Amino acid sequence: MSRSNLSGMRRCACGNLRRTTRAITQFYDQLLQPCGLRSTQISLLLNISLHGNISVGELGSILLMDQTTVTRNIEILRKLGYVNVTKEDNDARKKSISITESGARKLVEAEPLWEQAQSRIEQGLGSERYRDFLKMLKDVAQLLQ
C-alpha cells in the first residue's frame, strides 16, 4: 500500500466513528460512576424496562449486539438484582428478561447523571448541529442496511 493510500485512510468512517464512540462512552461512564453502572448497562436496563419481558435475541436485535455480549451483560445485571432471567415456558433454551424493582430504581437514580452528560454534548454542539448529527447517524445506518 502506498503512503498516500495510508494517509487517505484517516478518512475512514469506521475508524473515526469508533474513536468518537469510545470517547462518548468514556464520557458517559465517567458521569454515571456515582450510580455504579456503565452506559451500556443503563442502555440494557432502559430497553428491558421499555419492552417488558424480552428475550436475549430480541434485545440483541434492538441494540445491534450479539447474543454472547447481551448474555454476559445481562448476567452482571442479574447478579446485581436489577433484572430477572427466566426460561420461557414453550422453549427452555430461550430466556425472558424483565426488570426488577431495584433495576427500575437504579434507572431513576441514573437519569439525572445521564441527563447531565447528554446536556453537555447537546449544549456543546448547539441544538441545530446536534439534530443534524443525529440525522447524519441515522442516514449512515440506513445507507448500510
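Only a predicted model underlies this, so the values are computations on that prediction, with no experimental measurement involved. Both backbone and side-chain heavy atoms feed into the values below; hydrogens, waters and symmetry mates do not.
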Self-check item: Flag side-chain contact, heavy atom, 4.5 Å: V56 against V85
Solution: no
Self-check item: Nearest heavy-atom neighbours spanning I76 and Q41
Solution: CG2-NE2, 3.4 Å
Quiz prompt | Any pair counted as salt bridge (Lys or Arg N to Asp or Glu O under 4.0 Å), so long as it reaches residues 41-57, sequence neighbours left out | solution = none
Self-check item: Side-chain heavy atoms of I48 within contact of V83, under 4.5 Å
Solution: yes
Quiz item: Linking I/L/V/M/F/W/Y whenever their side-chain heavy atoms sit closer than 4.5 Å, directly or via other members, would L50 and V70 fall into one cluster?
Solution: yes
Quiz item: Do L77 and L37 pass the side-chain contact (heavy atoms from CB on, under 4.5 Å) test, and can you show the C-alpha distance, the side-chain angles, and the key distance before you say yes or no?
Solution: CA-CA 9 Å; L77 294 173; L37 292 178; 4.3 Å; yes
Quiz item: Is the closest side-chain heavy-atom distance between R120 and L31 below 4.5 Å?
Solution: yes
Quiz item: What distance do K95 atom NZ and N84 atom CG have between them, rounded to the nearest 0.5 Å?
Solution: 13.5 Å
Quiz item: Going hydrophobic residue to hydrophobic residue with side-chain gaps under 4.5 angstrom, can you get from L64 over to L45?
Solution: no
Quiz prompt | Pairwise distance CG(D132) to CG(L125) - rounded to 0.5 angstrom | solution = 10.0 Å
Exercise. Determine the minimum heavy-atom distance between L107 and S49, stating which atoms define it.
Key: CD1-CB, 3.9 Å
Self-check item: I42 vs L32 side-chain heavy atoms within contact, under 4.5 Å
Solution: yes
Exercise. Search all heavy atoms of M65 against all heavy atoms of N73 and return the closest pair with its distance.
Key: CE-ND2, 4.2 Å
Exercise. Would you sort out whether I62 and I54 count as a side-chain contact (heavy atoms from CB on, under 4.5 Å), showing the intermediate values?
Key: CA-CA 11 Å; I62 291 167; I54 188 168; 3.6 Å; yes
Quiz item: Is a donor on one side and an acceptor on the other found under 3.5 Å between the side chain of S43 and the backbone of S39?
Solution: no
Exercise. For R22, look at atom CZ and say whether over 12 heavy atoms of other residues, nucleotides or ligands are found less than 6.0 Å away.
Key: yes
Quiz item: Can you tell me how far the CD1 atom of I121 sits from the CZ atom of F133, to the nearest 0.5 Å?
Solution: 7.5 Å
Practice problem: For P34 and L113, work out which heavy atoms get closest and say how close. | Solution: CB-CD1, 4.1 Å
Quiz item: Can Q118 and Y28 be counted as having a side-chain donor-acceptor contact under 3.5 angstrom?
Solution: yes
Quiz item: Backbone N or O of R18 within a donor-acceptor pair of the T21 side chain at under 3.5 Å?
Solution: yes
Quiz item: Quick one: salt bridge (charged side-chain N to carboxylate O under 4.0 Å, His left out) partners of K79, sequence neighbours excluded?
Solution: none
Quiz item: Do you know which two heavy atoms are closest between I99 and Y82, and how far apart they sit?
Solution: CG1-O, 3.5 Å
Quiz item: With R131, which residues qualify under salt bridge (charged side-chain N to carboxylate O under 4.0 Å, His left out), at least two apart?
Solution: none
Practice problem: Given side-chain contact (heavy atoms from CB on, under 4.5 Å), test I74 with L59 step by step and report yes or no. | Solution: CA-CA 10 Å; I74 290 300; L59 192 55; 3.9 Å; yes
Quiz item: Would you call R105-E109 a salt bridge at under 4.0 Å N-O?
Solution: no
Quiz item: Between T100 and G81, what is the shortest heavy-atom contact and its length?
Solution: OG1-O, 2.6 Å
Quiz prompt | Under the salt bridge (charged side-chain N to carboxylate O under 4.0 Å, His left out) test, residues paired with D29 that sit two or more places apart | solution = R38
Quiz prompt | Qualifying residues under salt bridge (charged side-chain N to carboxylate O under 4.0 Å, His left out), relative to E128, sequence neighbours excluded | solution = none
Quiz prompt | Common cluster, Y130/V140, ILVMFWY with side-chain heavy-atom separation under 4.5 Å | solution = no
Quiz item: Which residue pairs satisfy the salt bridge (Lys or Arg N to Asp or Glu O under 4.0 Å) criterion with at least one member in residues 47-75, sequence neighbours excluded?
Solution: E75-R78
Self-check item: Over 12 foreign heavy atoms within 6.0 Å of CD, Q142
Solution: yes
